[in-house]
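Below, each value reflects all heavy atoms present in this structure, side chains not excepted, and no hydrogens, waters or symmetry copies.
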Amino acid sequence: MAHRQARAQTPPQTPDIRQGPRPLPLHLLAHVSTLMGSRAALPLWKNGLLPWNPRLAARAADLKASLDAAGPDGWSLFEQAIAAESLKRHQAVLDGVGQYRTHRHHRHVPEVPVLWRQGTTRLLDYRLPGGDGPPVLLVPSLINRSYILDLSQRRSLARGLAARGLSPFLVDWDAPGGEERGFTLTDYIAGRLEQVLDLVIEISGAKPALVGYCMGGDLALGLALRRQEHVKGLALLATPWNFHAGREAHGKLLRALSPSLNALVDNVGAMPVDILQALFASLDPGLTAKKFAAFTRLKRRSARARDFVALEDWANDGVELAGPVALECLIGWYGDNDTHLGRWKVDGRVVDPTQLRLPALAIIPERDRIVPPDSAAPLAAAITGSKTMIVRGGHVGMLLSARAGTEVYTPLARWLKRSLLQ
């Protein structure tokens, strides 16, 4: 198979005034609505009609008793205090957004060779010069840019595995172009990923292990089941499987939205980025406000501030999803839970993890809001002989925190070497 030796391009620099967090109006509206809700609930609380979380009920009762004792003036002053605190909190969010949008940090990492390209899909070579370690194929999600696995020189799973003696290759999906806008998951797995797998085997002369992150883990599983004889092992990082685990309400929402989503795809041909961002924001509506308010407390030139900006730049640099893929994922996975219920098919065959006969490792972050542990654990349990490793941090923090090197990169590299050298 012929392949091309070129140079990968670092994503374009973020403009001086960033446009995120996306969609900004939704995030601001969600925060304002939450703050206004606090004031709107006061009459209910005053009249004893507001239900409380059992853990807070006693404290709320004590506070209400003291306000009742203070009389109308006490309640009036309390309402004024809530209004002032609401304005203060919202201003902190606005300040954080403003500081982020004008921050001087921009992503810059050494370029790596592009070994292959088809449509908008590329294969990037992260091997060190002269490196001949066991090959690893990294499969990211289709929803966000692949450089979450190479965010910076200090925060890079791809470079971290290379430094630990492996030969990493990274699939870069990019945004779907004209050719990909009609793709299904079968086209990506049975088409693009199988071609990439063949190329990695040709280049390295060995069977690689697959490492899938988030949705990329589901794609890697589909590939592994199709090509078990050509794969040495499978590592799943924060990979969802039971999409209704603790999220039944979101499943109902996606099913209710399915006619609108189908109509949108029919008219646009793809799922726009801001619609995807809005759906993911609904998983934790208050998270964005909390993050940007906290950002104002960081020193502007600190490493933590730069890491925050780099991560938010990536999060706001999302790509649209090919229409058929969007419907498979949003309606089939999130809405109907097809993966967990054994209904998801690739090229007409059910993706059944119980049929995998390869060494498998599932790394599950304990504070993951995007893929809760109860969503990822059933996939690990379904694979015979798989190993599960629970790590601290969240969905992205598992890869990019200061602990990621010792808690994820190193144990993952050790497991991969054992699997690849068997």
Next on the checklist: Please check this pair: side chain of T102 against backbone of G98, looking for a donor-acceptor N/O pair closer than 3.5 Å.
Outcome noted: yes
Checklist entry - Hey, does the side chain of R343 reach the backbone of D336 with a donor-acceptor pair shorter than 3.5 angstrom? => result yes
Checklist entry - So, R414 and S419: side-chain donor and acceptor under 3.5 Å apart, yes or no? => result no
Checklist entry - Are a donor atom and an acceptor atom from the side chains of R192 and Q118 found within less than 3.5 Å of each other? => result yes
Checklist entry - Between the side chains of D95 and Q91, is a donor N or O closer than 3.5 angstrom to an acceptor N or O? => result yes
Checklist entry - Any chance the side chains of S141 and N144 put a donor and an acceptor closer than 3.5 Å? => result no
Checklist entry - Taking everything shown except R89 itself, do over 12 heavy atoms lie less than 6.0 Å from its CZ? => result no
Next on the checklist: For the CG atom of L254 and the CH2 atom of W333, what is their distance to the nearest 0.5 Å?
Outcome noted: 13.0 Å
Checklist entry - Yes or no on side chain to side chain contact (heavy atoms under 4.5 Å, CB included) for V139 and L223, after CA distance, side-chain angles and deciding distance? => result CA-CA 10 Å; V139 184; L223 175 64; 5.6 Å; no
Next on the checklist: Atom CZ of residue position R304 - does it have more than 12 heavy atoms of other residues, nucleotides or ligands inside 6.0 Å?
Outcome noted: no
Checklist entry - Got E180 and Y188 here, is their nearest side-chain heavy-atom distance under 4.5 Å? => result yes
Checklist entry - Any ion pair linking E248 and K252 (charged N to carboxylate O, less than 4.0 Å)? => result no
Checklist entry - Should W173 and R122 be marked as a side chain to side chain contact (heavy atoms under 4.5 Å, CB included) after you check the CA-CA gap, both sets of side-chain angles, and the distance that decides it? => result CA-CA 7 Å; W173 300 115; R122 306 184 303 171; over 6 Å; no
Next on the checklist: Can you tell me how far apart CG (L412) and CE (M398) are? Round to the nearest 0.5 Å.
Outcome noted: 8.5 Å
Item to check | Any side-chain heavy-atom pair of L166 and L420 under 4.5 Å | outcome: yes
Item to check | Distance under 6.0 Å and angle within 45° of ring axis: R159 vs Y126 | outcome: no
Item to check | E229 with K207: basic N within carboxylate O range, under 4.0 Å | outcome: no
Checklist entry - What distance separates L221 CG from Q355 CD, expressed to the nearest 0.5 Å? => result 11.5 Å
Next on the checklist: Do the side chains of R392 and E366 get close enough for a salt bridge, i.e. N-O under 4.0 angstrom?
Outcome noted: no
Checklist entry - Does T288 reach the side chain of V93, with side-chain heavy atoms less than 4.5 Å apart? => result no
Checklist entry - Does any donor atom in the side chain of N337 or N242 lie under 3.5 Å from an acceptor atom in the other side chain? => result yes
Checklist outcome for this item: Heavy-atom nearest pair, L234 first then W415, reads O-CH2, 3.5 Å
Checklist entry - Are L161 and L416 side-chain neighbours, meaning at least one heavy-atom pair lies under 4.5 Å? => result yes
Checklist entry - Which pair of non-hydrogen atoms, one from L197 and one from P208, has the smallest distance, and what is that distance? => result CD1-CG, 3.5 Å
Next on the checklist: With a 3.5 Å distance limit and no angle check, can you tell me whether S86 reaches the backbone of I82 through a side-chain donor-acceptor pair?
Outcome noted: yes
Next on the checklist: Just verifying a value: how many Å separate Y334 OH and L257 CG, rounded to the nearest 0.5 Å?
Outcome noted: 14.0 Å
Checklist entry - Has the side chain of Q153 got a donor or acceptor atom that lies under 3.5 Å from a matching backbone atom of P110? => result no
Checklist outcome for this item: Heavy-atom nearest pair, P134 first then L421, reads CG-CD2, 4.1 Å
Checklist entry - Are K345 and D338 close enough for a salt bridge, meaning some N to O gap below 4.0 Å? => result no
Item to check | Charged tip of R164 within 45° of Y409 ring normal and under 6.0 Å | outcome: no
Item to check | Pair F308 and H105, ring centroids less than 6.0 Å apart | outcome: no
Item to check | Criterion side chain to side chain contact (heavy atoms under 4.5 Å, CB included) on R127 and I203, from CA distance to verdict | outcome: CA-CA 11 Å; R127 292 175 295 176; I203 291 171; 3.5 Å; yes
Checklist entry - Please walk me through it: do R107 and D150 pass salt bridge (charged side-chain N to carboxylate O under 4.0 Å, His left out)? => result CA-CA 10 Å; R107 178 176 181 265; D150 183 31; 3.7 Å; yes
Checklist entry - Should the pair F295 and H103 be assigned to parallel (<30°), tilted (30 to 60°) or perpendicular (>60°) ring geometry? => result tilted
Checklist outcome for this item: Heavy atoms of S258 and I331 approach each other most closely as CB-CD1, 3.5 Å
Checklist entry - How about E320 and P176: do any of their side-chain heavy atoms sit closer than 4.5 Å? => result yes
Item to check | Contact check, side chains of V391 and P365, non-hydrogen atoms, under 4.5 Å | outcome: yes
Item to check | Separation between NZ of K387 and CG of L361, rounded to the nearest 0.5 Å | outcome: 6.5 Å
Checklist entry - Could you give the distance from CG (L358) to CD1 (I383), rounded to the nearest 0.5 Å? => result 9.0 Å
Next on the checklist: Would I364 and L237 count as a side chain to side chain contact (heavy atoms under 4.5 Å, CB included) here? Give the steps.
Outcome noted: CA-CA 6 Å; I364 301 175; L237 280 55; over 6 Å; no
Item to check | Ion pair R349/D347, N-O distance below 4.0 Å | outcome: no
Next on the checklist: So does R22 get a backbone contact from the side chain of H27, meaning a donor-acceptor N/O pair under 3.5 Å?
Outcome noted: yes
Checklist entry - Out of T239, I370, I143, which residue meets the side-chain contact (heavy atoms from CB on, under 4.5 Å) rule with M215? => result I143
Checklist entry - Is it true that D174 and R145 make a salt bridge, defined as a side-chain N closer than 4.0 Å to a carboxylate O? => result yes
Checklist entry - When you look at CZ of R300, are more than 12 heavy atoms from neighbouring residues, nucleotides or ligands closer to it than 6.0 Å? => result yes
Checklist entry - Are any non-hydrogen side-chain atoms of L138 and V171 less than 4.5 angstrom apart? => result no
Next on the checklist: Please check: side-chain N/O of S33 versus main-chain N/O of L29, any donor-acceptor pairing under 3.5 Å?
Outcome noted: yes
Checklist entry - Can you find a side-chain donor-acceptor pair between H244 and H340 that sits under 3.5 Å? => result no
Next on the checklist: Looking at R18 and D313, is any side-chain nitrogen of the basic one under 4.0 Å from a carboxylate oxygen of the acidic one?
Outcome noted: yes
Item to check | Side chains of Y100 and N316, donor plus acceptor under 3.5 Å | outcome: yes
Checklist entry - Under 3.5 Å, is there a donor-acceptor pair between the Y147 and D172 side chains? => result no
Item to check | Heavy-atom side-chain proximity of L170 to S146 below 4.5 angstrom | outcome: yes
Checklist entry - For A360, does its backbone N or O pair with a side-chain atom of S386 as donor and acceptor, under 3.5 Å? => result no
Next on the checklist: Looking at every heavy atom in both P373 and D368, which two are closest together, and how far apart are they?
Outcome noted: CD-O, 4.1 Å
Item to check | Short N-O contact, D198 and R227, less than 4.0 angstrom | outcome: yes
